[in-house]
Amino acid sequence: MVDRPPYVHRRWPNYSAPKLIFWASIFAALILFIILHSPPPDFSSDRRTTTTWGSLNWERRVQTSARTRSHSPSHSAGPGHLSVLVTGAAGFVGSHVSMALKRRGDGVVGLDNFNNYYDPSLKRARQKLLERAGVFVVEGDINDTALLNKLFDIVAFTHVMHLAAQAGVRYAMKNPSSYVHSNIAGLVSLFEVCKSANPQPAVVWASSSSVYGLNTKVPFAEKDRTDQPASLYAATKKAGEEIAHTYNHIYGLSITGLRFFTVYGPWGRPDMAYFFFTKDILKGKPIPIFEAPDDHGSVARDFTYIDDIVKGCVAAIDTAEKSTGSGGKKTGTAQLRVFNLGNTSPVPVTKLVSILENLLKKKAKKNVLPMPRNGDVLFTHANISYAKKELHYKPETDLQTGLKKFVDWYLDYYGSDKKSS
Ligand SMILES: O=C(O)[C@H]1O[C@H](OP(=O)(O)OP(=O)(O)OC[C@H]2O[C@@H](n3ccc(=O)[nH]c3=O)[C@H](O)[C@@H]2O)[C@H](O)[C@@H](O)[C@@H]1O
């Protein structure tokens, strides 16, 4: 008898066709069950990391975007000669600030994780505008320190305009960890990279009017108490201000925090009241209008138009002193500032609605409700004396004028090709 190699004996079991079909159907049903019962991916918590960076082509795009228009050495530190990393560049404020800096000749590199807290297609549309203007927006998360380090290896950024954050006051009750991830862990990750960079950049970043929380002294001034936040969002922004103090104190980072007061305007955020009120009024859907729970008084905000905010941001960059650290060590006292950027004229939400009704030529279906206990505050009102003095900040747009510009943009953007907000 001839010895056969063992594999010759390994045969497929002799299954009949009906048996095979039976087992295949069981298997398919099992796969379907697993797919249907697995949780959806959690994009809301910004946990995506980038895998697309690092190629030579990518590095070239970053360098080109960071290049200033003029290379004249005479004003090498002034406007038009800065290299700015803008985080949250595909966001509302980030896209406007990036455009303004690029327009005057600064080198600008954007960074954004394009999360889906609100419709990412709006962020992609902003990205297209930026790319047309010569601003490359790197896709990545501020928690990705390898990516941040790589960016600083390629470009000696003079400034970081840090606007990436988890925004929204009320959403913090739904997804608290996204606030910790972006506004605390992300901020620390960014400061870590900045303090180790050589040269260290000056950092300007977005805090929030919400840090005034339950403070009742009006108008809110920078020295007023900010130890009673009403929402987790506000608490993370307040924590950011304390973290900024630490990095300034230990490492000599020059840091400026800007407390924005309810910023609105074209290309705005769909999660904000003025934006979804517009959408719902046009659709004939009821809008929830909050009132003070105790006395039915109107809730009010110091709504601030985007162009005024952009001027404040750019002035903060232009007046930022250099960081003093080197090789991760402080060599002298560095600048640490906090400014209110508001409009100094609070407007009741009911007035906001009546302006929108006039502009849209349509009555709102108002659903007046006591303000839920979800982190909201009754009013905000900025004292801007300090910003006036140091930044020559002077808001020029009233709510009527600013909302007109917003509504014109909204109708053009969503009206023309039936995009849905
Ligand atoms: O100033 C700030 O720092 C904050 O401004 C806004 O927060 P908020 O002022 O609450 O803006 P909206 O959510 O647009 O609310 C505006 C007003 O409309 C009211 N509102 C909101 C939602 C709603 O359904 N109904 C309603 O009456 C709110 O109570 C508030 O008075 C932004 O969403 C925050 O990201 C930002 O940090």
Side-chain angles (χ1 to χ4, degrees), residues 92-93 96 118 122 167-171 208-210 212 216 218-220 230 260-309 340-384 394-416 419-421:
F92 172 36
V93 181
H96 281 276
Y118 63 80
L122 182 59
V169 174
R170 289 162 285 280
Y171 180 67
S208 159
S209 73
S210 63
Y212 291 107
T216 48
V218 278
F220 302 158
F260 295 158
F261 282 69
T262 316
V263 190
Y264 72 99
W267 295 97
R269 274 175 32 211
D271 62 314
M272 289 185 65
Y274 75 95
F275 199 118
F276 67 78
F277 282 179
T278 299
K279 176 183 155 199
D280 291 345
I281 291 171
L282 286 170
K283 283 193 174 159
K285 246 177 94 179
I287 55 169
I289 300 175
F290 303 149
E291 62 174 20
D294 303 330
D295 59 1
H296 304 286
S298 188
V299 172
R301 284 290 180 277
D302 197 359
F303 296 100
T304 311
Y305 189 63
I306 182 67
D307 290 1
D308 291 323
I309 289 290
N340 285 341
L341 292 186
N343 197 47
T344 61
S345 67
V347 177
V349 175
T350 43
K351 172 77 181 160
L352 166 90
V353 174
S354 69
I355 297 175
L356 286 177
E357 287 178 321
N358 285 333
L359 291 169
L360 298 167
K361 298 182 185 64
K362 198 160 173 194
K363 281 271 159 225
K365 287 187 182 150
K366 297 173 200 156
N367 184 14
V368 180
L369 304 165
M371 194 175 83
R373 288 197 190 284
N374 55 11
D376 227 326
V377 292
L378 288 173
F379 60 89
T380 61
H381 184 181
N383 174 332
I384 55 164
K394 191 172 158 287
E396 285 167 344
T397 313
D398 61 30
L399 190 59
Q400 166 75 40
T401 312
L403 281 179
K404 164 97 177 73
K405 291 185 183 176
F406 165 72
V407 165
D408 287 349
W409 167 80
Y410 185 96
L411 295 176
D412 183 52
Y413 184 76
Y414 289 107
S416 56
K419 292 181 206 97
S420 166
S421 62

Legend entry - Intermediate values then yes/no, salt bridge (Lys or Arg N to Asp or Glu O under 4.0 Å), Lys404 and Asp398: CA-CA 10 Å; Lys404 164 97 177 73; Asp398 61 30; over 6 Å; no

Legend entry - Candidate pair Trp267 and Leu122, rule side-chain contact (heavy atoms from CB on, under 4.5 Å), full reasoning: CA-CA 8 Å; Trp267 295 97; Leu122 182 59; 3.9 Å; yes

Inset, instruction - Apply the test side-chain contact (heavy atoms from CB on, under 4.5 Å) to residues Thr262 and Met272: give CA-CA distance (whole Å), side-chain angles for both, the deciding distance (0.1 Å), then the verdict. - result: CA-CA 9 Å; Thr262 316; Met272 289 185 65; 3.7 Å; yes

Inset, instruction - Could you check Leu369 against Glu291 for side-chain contact (heavy atoms from CB on, under 4.5 Å), going step by step and ending with a plain yes or no? - result: CA-CA 6 Å; Leu369 304 165; Glu291 62 174 20; over 6 Å; no

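Within the 4.5 Å cutoff, the side chain of Ile281 has no heavy atoms near those of the Lys361 side chain. Looking at Val407 and Leu360, their side chains come closer than 4.5 Å, going by heavy atoms from C-beta outward. The shortest side-chain heavy-atom distance between Leu341 and Ile384 does not fall under the 4.5 Å cut-off. Phe220 places a side-chain heavy atom less than 4.5 Å from the side chain of Phe379. Residues Tyr305 and Val263 are not in side-chain contact: their nearest non-hydrogen atoms beyond the backbone lie 4.5 Å or more apart. Annotation: side chain of Val353 is in contact with side chain of Ile287 (closest heavy-atom distance under 4.5 Å). Counting only heavy atoms from C-beta outward, the side chains of Leu403 and Leu356 approach each other to under 4.5 Å. Between Val349 and Phe290, the closest side-chain pair of non-hydrogen atoms is not below 4.5 Å.
Relative ring orientation between Tyr410 and Phe275 is described as perpendicular, the plane-to-plane angle rising above 60° on a 0-90° scale split at 30° and 60°. Using bins of under 30°, 30° to 60° and over 60° for the plane-to-plane angle, the ring pair His96/Phe92 lands in the perpendicular bin.
Residue Asn343 comes nearest to Thr304 through the heavy atom pair N-OG1, 3.3 Å, listed as atom of the first residue, atom of the second, then distance. For the pair Tyr274 and Leu352, the tightest heavy-atom approach, listed with the atom from each and the gap, is CB-CD1, 4.0 Å. A pairwise comparison of heavy atoms in Pro395 and Gly342 identifies CG-O, 3.6 Å as the closest pair. The two residues Gly284 and Lys365 have their closest heavy-atom pair at O-NZ, 2.9 Å. In terms of heavy-atom proximity, Ala230 sits nearest to Val377 at CB-CG1, 3.8 Å. When all heavy atoms of Met371 and Val299 are compared, the pair lying nearest together is SD-CG2, 4.1 Å.
Between atom OG of residue Ser345 and atom NE2 of residue His381 there is a gap of 7.0 Å, rounded to the nearest 0.5 Å. To the nearest 0.5 angstrom, Ser210 atom OG is 12.0 Å from Phe260 atom CZ. A distance of 11.0 Å separates CZ of Phe277 from NZ of Lys366, quoted to the nearest 0.5 Å. One distance of note links NZ of Lys285 with CG of Asn367; it measures 12.0 Å at 0.5 Å rounding. Taken to the nearest 0.5 Å, the OG atom of Ser298 stands 11.5 Å off from the NZ atom of Lys351. In this structure, CG on Asp408 lies 8.0 Å from CG on Leu359, to the nearest 0.5 angstrom.
When the side chain to side chain donor-acceptor pair (under 3.5 Å) test is applied to Thr380, no partner is found at least two apart in sequence or on another chain.
Counting only N and O atoms by type, the side chains of Asn340 and Tyr212 include a donor and acceptor under 3.5 Å apart.
In this structure, Lys362 does not pair ionically with Asp280, as no charged nitrogen and carboxylate oxygen lie closer than 4.0 Å.
A donor-acceptor pair under 3.5 Å is formed between the side chain of Asp308 and the backbone N or O of Thr397.
Ring centroid separation for the pair Phe406 and Tyr264 does not come in under the 6.0 Å cut-off.
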